[in-house]
Amino acid sequence: MEDVKYPMDQQKDAQHVVRRARGLQRIASILDAAEVVFARMGYEEATTNHIAAQAEISPGSLYQFFSNKEEIAQALASRYTEELQQAYDTIFRSRRQRCPSLSGWIRSLIP
C-alpha cells in the first residue's frame, strides 16, 4: 500500500521542521550565552539565571531545553568536542589526500 500525504499532514510536517529549527537555534544561543557567562564569572559562580539573562530569554524558556547548569555545561562540552572533531577531520583529510597509503600517512603525522 502506498503512503498518501494529505495537505494537512504536509502542513504539520512543515510546522514541526520549523519548530525544530527554532529550538536548535535557541539551544545554540543558550550555549553561546553560557560560554560567555562561564568565561566571565567562572563555572561555580554562574547560574542559569545569569545564562538566561545573557541569552536574553526568560529562565523558564531556558528550562524548556536544559534542566540545570550541569546539563548546559555538558552540552557545551559536547559542542566543543564536535568542533574539535571537525577540525581534526579536516586536517587529517588533507594529509590523507597527500599521502594515500597508510604507512605514508602515519609517517606524515610523526615529525
Side-chain angles (χ1 to χ4, degrees):
M1 179 175 212
E2 189 177 316
D3 286 339
V4 177
K5 282 281 193 177
Y6 295 99
M8 202 64 137
D9 292 338
Q10 290 173 344
Q11 194 174 20
K12 285 180 184 177
D13 289 345
Q15 289 172 345
H16 177 73
V17 168
V18 168
R19 220 175 293 127
R20 179 153 170 74
R22 260 188 272 149
L24 293 173
Q25 289 173 339
R26 179 64 54 94
I27 289 169
S29 72
I30 292 169
L31 294 179
D32 291 343
E35 188 173 41
V36 169
V37 170
F38 291 155
R40 186 176 54 221
M41 305 180 81
Y43 179 79
E44 293 300 321
E45 294 297 317
T47 67
T48 53
N49 286 340
H50 293 126
I51 295 167
Q54 180 68 35
E56 299 179 348
I57 61 173
S58 70
S61 291
L62 183 143
Y63 287 122
Q64 289 179 350
F65 299 96
F66 299 100
S67 299
N68 53 42
K69 177 174 71 169
E70 290 77 18
E71 277 188 17
I72 296 170
Q74 288 172 349
L76 198 52
S78 292
R79 183 164 87 169
Y80 292 152
T81 301
E82 288 174 21
E83 289 172 359
L84 280 173
Q85 187 63 52
Q86 289 173 0
Y88 288 141
D89 288 348
T90 300
I91 291 166
F92 290 135
R93 186 178 322 114
S94 67
R95 286 186 181 226
R96 279 193 305 264
Q97 289 169 351
R98 288 188 302 227
C99 303
S101 73
L102 179 60
S103 61
W105 183 72
I106 291 172
R107 278 195 300 275
S108 76
L109 294 176
I110 303 169

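Just so it is clear, the model here is predicted, and its values are computed rather than measured.
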Go through Thr48 and Tyr63 one step at a time and tell me if the side-chain contact (heavy atoms from CB on, under 4.5 Å) criterion holds. CA-CA 9 Å; Thr48 53; Tyr63 287 122; 2.6 Å; yes
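For the residue pair Leu62 and Ala52, the shortest heavy atom distance occurs at CD1-N, 3.8 Å. Nearest heavy-atom pair, Phe65 versus Arg26, reported as atom, atom and distance to 0.1 Å: CE1-CG, 3.2 Å. Listed here is the closest heavy atom pair of Ala55 and Ser29: CB-O, 4.1 Å. The heavy-atom pair separating Leu76 from Leu31 by the smallest distance is CD1-O, 3.6 Å. Closest approach of Arg79 and Ala28 over heavy atoms only: NH1-O, 3.6 Å.
In this structure, CD on Gln85 lies 10.0 Å from OG1 on Thr90, to the nearest 0.5 angstrom. Within the model, atoms CZ of Arg20 and CZ of Arg22 stand 13.5 Å from one another, a figure rounded to the nearest 0.5 Å.
Using a 4.5 Å heavy-atom threshold, the side chains of Gln54 and Arg40 count as touching.
The environment of CD in Glu70 is crowded: more than 12 heavy-atom neighbours from other residues, nucleotides or ligands sit within 6.0 Å.
Under a hydrophobic clustering in which Ile, Leu, Val, Met, Phe, Trp and Tyr are joined whenever their side-chain heavy atoms come within less than 4.5 Å, directly or via other members, Val36 and Phe66 fall into different clusters. Both Ile72 and Tyr43 belong to a common hydrophobic cluster when Ile, Leu, Val, Met, Phe, Trp and Tyr are linked at side-chain heavy-atom distances under 4.5 angstrom.
No donor-acceptor pair closer than 3.5 Å links the side chain of Lys69 to the backbone N or O of Ala34. Glu45 contributes no side-chain N or O that, together with a main-chain N or O of Met41, makes up a donor-acceptor pair within less than 3.5 Å.
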